[in-house]
Chemist: 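Mind having a look at this structure? Questions to follow.
Quick caveat, the model's predicted, so the values are computed rather than measured.
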Amino acid sequence: MFSVKITIVWILALFINKTQQQTEDCGTEFGCFLNPTNCTYSNCISVVKWRDMGHYINFYVAVNTTEIPTFSRYIGVGFSNDIYMGDDSVSLCRFSVYTWQYVVETYYNQKKAEPEVLNSSVRTLGHSDYKLTINQTYLICEFNRIKYFNLTNFFNLHFPYHILVSFGRTNYLGSPTFHGKNAFSSKEKIDFKTKIVTSKYETGYVEPIVVREKAHACLMVIAWIFFASTGMVFARYMRFLFPEKKIFGNKIWFLVHRPFMIIVTVISFASFLVILSAKDWKWIPLIKPVSYAHSIFGIVAISFSIFQVFLGIMRPNRDHPRRYLFNFFHKSLGYSSLIFSIVAMFLGVNIEKMRLGRVGWGLMVGWALWCFILPLITEIVKLYFDDKKRPYKVQEKQGELTDADSEQYEDQNRTKKNMKVYYNYYEKIFNGMKTFMLALHLVVALAFTLALVICIGIADGTQNF
C-alpha cells in the first residue's frame, strides 16, 4: 500500500502544476517577497505573494525543493518583529507521504525552544481554503489567513511584520525537521495592505543559539575523545613510567591521569551550562527523541565524571582494608562514563540540526572502533607477556634466601638473578609496546578530535556530506 502511495506521488509530481511561478503581477495585484532579488519564473528560490482581502490575507508561497530528497516536505511562513527566528507566529504548510495528508497549521515559534502548535484542538486555527501542490521543482502552498484572532501569540496582521520563510522535510510523524540554511527573512517589515516588492535580508550573522550549540558539541568532543580517553590510558597502561620518581608524593602516571580527568569534568560541566543556556534553561522535550536520548546519555556521563572527582577526594590509602571497594567503583564509573559519552556523541552527530551527516557518523564509528581495538590489542599483548614472565615470576617468589655462606644458597641466588634478568627483559619489551600504543593513541585521539571539531564548526546546514 505504501509503495502505491509513493507511485501516486511521483505521478502527481510529474503532471500536476507544471506552470512556472508567475512574478509579473508583483507590485500590481500582489505584494511580493522574492528570493533572490527580482527573480523571475523558475529562477526563484522562494516566492511569497500576498493580497489584502479585507478581514483576511490571501497568501501564495512557492519554494524550490529540488534538493530535498523526499516528497514529505513543509513550508513555514513566519511573521516576526525582527529578522531572526524566535517569538514568531507561523503558518506551516506540510505534506507527508507517511500520513498522506496536507494541511496548513498555526504554530508559535518560541525563542530557544521547539515551535509548538498554537492550539492543539484546532490545529488549522485562522486558516482556510488552503491548497498544497507539488511539481518537479516547487512546493506551492496557497491559503487564507485571518488578520486578527483574540488569542495570545496569534499575531495581528493589521500591523507590519518581517516575513520569515523556511522549508525542509517532515519526519514519519509529519512534523517539520530542522531547515538548516533553507530560511530567509525579508529585509523590511511588511504592511500587508500594500503591494510592495521586497527581497531577503543579506547578512553573515550566525544566531547565538547556533553558536552555543556548536560550542557545546566542540567542548564535549575535546573533553571525552582526547582528555578522558588519554587519562584512562595512563591509568591502565602507563604505571611503569619512572616507577621510583615521585612529584609531590605522586607517581608520574597519576600526575597525568588526575588533572586530565578533572579537566574532563570541568569542560563537561561548562559545556552543559552552555547548551542549557541555549535552550533557555529548559530540558529537551520528548517530541525530539534523538535529542532527548542524547541529553539523557550526556547528563549521565557528566554526572559520573563529577562523582568521580568526589570519589577521588575520598580515596583511601593503598593499604586500607576497603581499598578494593574504591578501586572497583572508580574503574566501573570511569569505563561506564566513557561508554555513555560515546553513545551520547553518536546520538549528537545524528541530531539533524547539527547537519554532520555521514561524515559525523563515520567519524564516530571510527572512534568507537578505536576505543575497542586499543584495549583489545593491548590486553592480548599483556596476556602473551604475562605467560612468558610467569615461570620466572614464580621462581622469584620462592622464598627469601639470605645465607651467602652456603654454596647451596649461592647457586639458588644465582638462578634467581638469571630468572630476574629474563623477567625484566620481557617486561621491558611489553612496556615499550605500551609506550608505542600510547603514542599511537595520542595521534588517533587528536586526529578524531580535530576532525569532529572542524566538521562541527563548518557545518552550515547546506552541506549534504
Chemist: How far does OG of Ser185 sit from CG of Leu164, to the nearest 0.5 angstrom?
Modeler: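 Result: 5.0 Å between the selected atoms.
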Chemist: Whether the Arg73 and Thr65 side chains hold a donor-acceptor pair (N or O, under 3.5 Å, no angle test) is what I'd like checked.
Modeler: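 Yes, a side-chain donor-acceptor pair sits under 3.5 Å.
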Chemist: Using modelled atom types only, decide if a donor and an acceptor are shared between the side chain of Thr378 and the backbone of Pro375 within a distance under 3.5 Å.
Modeler: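 Side chain of Thr378 to backbone of Pro375, a donor-acceptor pair under 3.5 Å: no, none is there.
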Chemist: Are any of the side-chain nitrogens in Glu188 or Lys200 under 4.0 Å away from the carboxylate oxygens of its partner?
Modeler: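 A salt bridge is absent here (no side-chain N lies under 4.0 Å from a carboxylate O).
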Chemist: What do you reckon, are the aromatic ring centroids of Phe79 and Phe155 less than 6.0 Å apart?
Modeler: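 Centroid separation for Phe79 and Phe155: 6.0 Å or greater.
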Chemist: If we ignore angles and hydrogens, is there a donor and acceptor under 3.5 Å between the side chains of Tyr384 and Glu379?
Modeler: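 There is no such pair between these side chains.
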Chemist: Tell me whether the rings of Trp367 and His441 are parallel (<30°), tilted (30 to 60°) or perpendicular (>60°).
Modeler: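 The arrangement is tilted - the two ring planes meet at 30° to 60°.
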Chemist: Closest approach of Val274 and Ala215, non-hydrogen atoms and distance?
Modeler: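 Closest pair (atom of Val274, atom of Ala215, distance): CG1-CB, 4.3 Å.
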Chemist: So Ile57 and Asn144, do their side chains get closer than 4.5 Å, heavy atoms only?
Modeler: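 SC-SC contact between Asn144 and Ile57 ruled out.
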Chemist: Give me the atom names and distance for the closest heavy-atom approach of Ala368 to Ile342.
Modeler: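 Result for this residue pair: CB-CG2, 4.2 Å.
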Chemist: State, with a plain yes or no, whether a side-chain heavy atom of Tyr74 is found less than 4.5 Å away from one of Leu92.
Modeler: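 When only atoms from C-beta onward are counted, Leu92 and Tyr74 do touch, with a gap below 4.5 Å.
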Chemist: Nearest 0.5 Å please: distance from the CD1 atom of Ile267 over to the CD1 atom of Ile262.
Modeler: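 Output value for this atom pair is 12.0 Å.
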Chemist: Of the non-hydrogen atoms in Phe59 and Val48, which two are nearest, and what is the gap between them?
Modeler: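 Smallest interatomic distance, heavy atoms only, reads CD2-CG1, 4.3 Å.
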Chemist: For residues Ser337 and Gln308, determine if any side-chain heavy atom of one lies less than 4.5 Å from a side-chain heavy atom of the other.
Modeler: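 Ser337 vs Gln308: side chains apart.
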Chemist: Quick check: Phe143 with His127 (ring centres under 6.0 Å apart)?
Modeler: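 Yes, close enough.
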Chemist: Where do Ser199 and Phe33 come nearest, in terms of heavy atoms and distance?
Modeler: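 It is C-CE1, 3.4 Å.
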Chemist: Any donor and acceptor pair, going by atom type alone, linking the side chain of Lys189 with main-chain N or O of Pro160 inside 3.5 Å?
Modeler: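 Checking the backbone N and O of Pro160 against the side chain of Lys189, no donor-acceptor pair under 3.5 Å is found.
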Chemist: Using distance alone, with no hydrogens and no angle criterion, decide if Arg123 and Asn119 have a side-chain donor and acceptor under 3.5 Å apart.
Modeler: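 No pair is found: no donor N or O on one side chain lies under 3.5 Å from an acceptor on the other.
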Chemist: Which one of Phe304, Tyr292, Phe340 satisfies the ring-ring contact (aromatic ring centres under 6.0 Å, His included) criterion with Phe297?
Modeler: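 Running ring-ring contact (aromatic ring centres under 6.0 Å, His included) over Phe304, Tyr292, Phe340 with Phe297 returns exactly one hit, Phe340.
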Chemist: Taking the side chain from Thr265 and the backbone from Ser305, do they hold a donor-acceptor pair closer than 3.5 Å?
Modeler: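 Indeed, once roles are kept as given, a pair shorter than 3.5 Å links the two residues.
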Chemist: For atom CE of Met433, decide whether the heavy atoms of other residues, nucleotides or ligands shown that lie under 6.0 angstrom number more than 12.
Modeler: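 No - once you tally the heavy atoms of other residues, nucleotides and ligands closer than 6.0 Å, there are 12 at most.
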Chemist: Counting distance only, does the side-chain N/O of Lys147 pair as donor-acceptor with the main-chain N or O of Asn156 below 3.5 Å?
Modeler: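 Not a single qualifying donor-acceptor pair exists.
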Chemist: Ignoring hydrogens, what is the shortest heavy-atom contact between Cys44 and Asn64? Give both atom names and the distance.
Modeler: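 Minimum heavy-atom separation between Cys44 and Asn64: O-CB, 4.0 Å.
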Chemist: For the pair Leu132 and Leu139, evaluate side chain to side chain contact (heavy atoms under 4.5 Å, CB included) and give the outcome as yes or no after the intermediate values.
Modeler: CA-CA 7 Å; Leu132 201 65; Leu139 177 62; 4.0 Å; yes
Chemist: Quick check: closest heavy atoms across Ile83 and Ser186, and the distance to 0.1 Å?
Modeler: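 Heavy-atom minimum between the residues: CG2-O, 4.0 Å.
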Chemist: With no hydrogens and no angle check, is any side-chain donor or acceptor of Asp82 less than 3.5 Å from a backbone partner on Tyr84?
Modeler: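 Side chain of Asp82 to backbone of Tyr84: a pair is present.
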Chemist: Is it true that the side chains of Ser229 and Trp224 contain a donor and an acceptor less than 3.5 Å apart?
Modeler: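 No.
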Chemist: Would you indicate whether the side-chain heavy atoms of Met364 and Leu356 approach each other to under 4.5 Å?
Modeler: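 No. Closest side-chain heavy atoms not under 4.5 Å.
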Chemist: Between Thr124 and Val104, does the side chain to side chain contact (heavy atoms under 4.5 Å, CB included) criterion hold? Intermediate values first, please.
Modeler: CA-CA 6 Å; Thr124 61; Val104 178; 5.9 Å; no
Chemist: State, yes or no, whether a side-chain contact exists between Asn109 and Asp87 at a heavy-atom distance under 4.5 Å.
Modeler: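 No, their side chains stay 4.5 Å or more apart.
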Chemist: Cut-off 3.5 Å, side chains only: do Ser271 and Arg212 have a donor facing an acceptor?
Modeler: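 Side-chain D/A pair, Ser271 to Arg212: absent.
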Chemist: Assess whether side chain to side chain contact (heavy atoms under 4.5 Å, CB included) is satisfied between Tyr130 and Val103, documenting all intermediate values.
Modeler: CA-CA 7 Å; Tyr130 48 82; Val103 69; 3.9 Å; yes
Chemist: Could you tell me the separation between the CD1 atom of Ile222 and the CG atom of Leu450, rounded to the nearest 0.5 Å?
Modeler: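 The CD1 atom of Ile222 sits 8.5 Å away from the CG atom of Leu450.
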Chemist: First locate atom CG of Leu333, then atom CD1 of Ile306, and finally report the distance between them rounded to the nearest 0.5 Å.
Modeler: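 Those atoms lie 12.5 Å apart.
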Chemist: Is the side chain of Arg239 donor-acceptor paired with the backbone N or O of Ala235 at a distance under 3.5 Å, no angle test?
Modeler: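 Checking the backbone N and O of Ala235 against the side chain of Arg239, a donor-acceptor pair under 3.5 Å is found.
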Chemist: Please find out if less than 6.0 Å separates the ring center of Trp50 from that of Phe192.
Modeler: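 Yes, the ring centres sit under 6.0 Å apart.
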Chemist: Can you list the steps and then say if Phe430 with Lys382 is a side chain to side chain contact (heavy atoms under 4.5 Å, CB included)?
Modeler: CA-CA 7 Å; Phe430 180 49; Lys382 182 178 182 297; 3.4 Å; yes
Chemist: Using atom types as modelled and distance alone, determine if a side-chain donor or acceptor of His257 lies under 3.5 Å from a backbone N or O of Gly231.
Modeler: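 Yes: the side chain of His257 pairs with the backbone of Gly231.
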Chemist: Is the charged tip of Lys49 near the ring of Tyr60: under 6.0 Å from the six-membered ring centre and within 45° of its axis?
Modeler: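 That pair qualifies as a cation-pi contact.
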Chemist: I want to check a possible cation-pi pair here: Arg145 against Phe154, using under 6.0 Å from ring centre and within 45° of the ring axis as the test.
Modeler: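 Checked: cation-pi criterion met.
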Chemist: Is any side-chain heavy atom of Ile377 less than 4.5 Å from a side-chain heavy atom of Phe372?
Modeler: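 Side-chain contact under 4.5 Å: no.
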Chemist: So, taking the atom named NZ in Lys187 and the one named NE2 in His162, what distance separates them when rounded to the nearest 0.5 Å?
Modeler: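 These two atoms lie 12.0 Å from each other.
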Chemist: Answer yes or no: is there a side-chain heavy-atom contact under 4.5 Å between Phe240 and Lys434?
Modeler: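 A side-chain contact exists here, since the closest heavy-atom pair is under 4.5 Å.
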Chemist: Donor-acceptor pair, Asp88 side chain versus Gly86 backbone, under 3.5 Å?
Modeler: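 Yes: the side chain of Asp88 pairs with the backbone of Gly86.
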Chemist: With rounding to the nearest 0.5 angstrom, report the CZ to OG distance, Phe272 to Ser295.
Modeler: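 These two atoms lie 9.0 Å from each other.
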Chemist: With respect to Leu118, which candidate in Thr152, Val90, Thr106 satisfies the side chain to side chain contact (heavy atoms under 4.5 Å, CB included) definition?
Modeler: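 Only one option passes, and that is Thr106.
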Chemist: State, yes or no, whether a side-chain contact exists between Met220 and Ile302 at a heavy-atom distance under 4.5 Å.
Modeler: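 SC-SC contact between Met220 and Ile302 confirmed.
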Chemist: Around Phe269, counting heavy atoms of other residues, nucleotides and ligands shown, do more than 12 lie under 6.0 Å from its CZ?
Modeler: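 Open: at most 12 neighbouring heavy atoms sit under 6.0 Å from CZ of Phe269.
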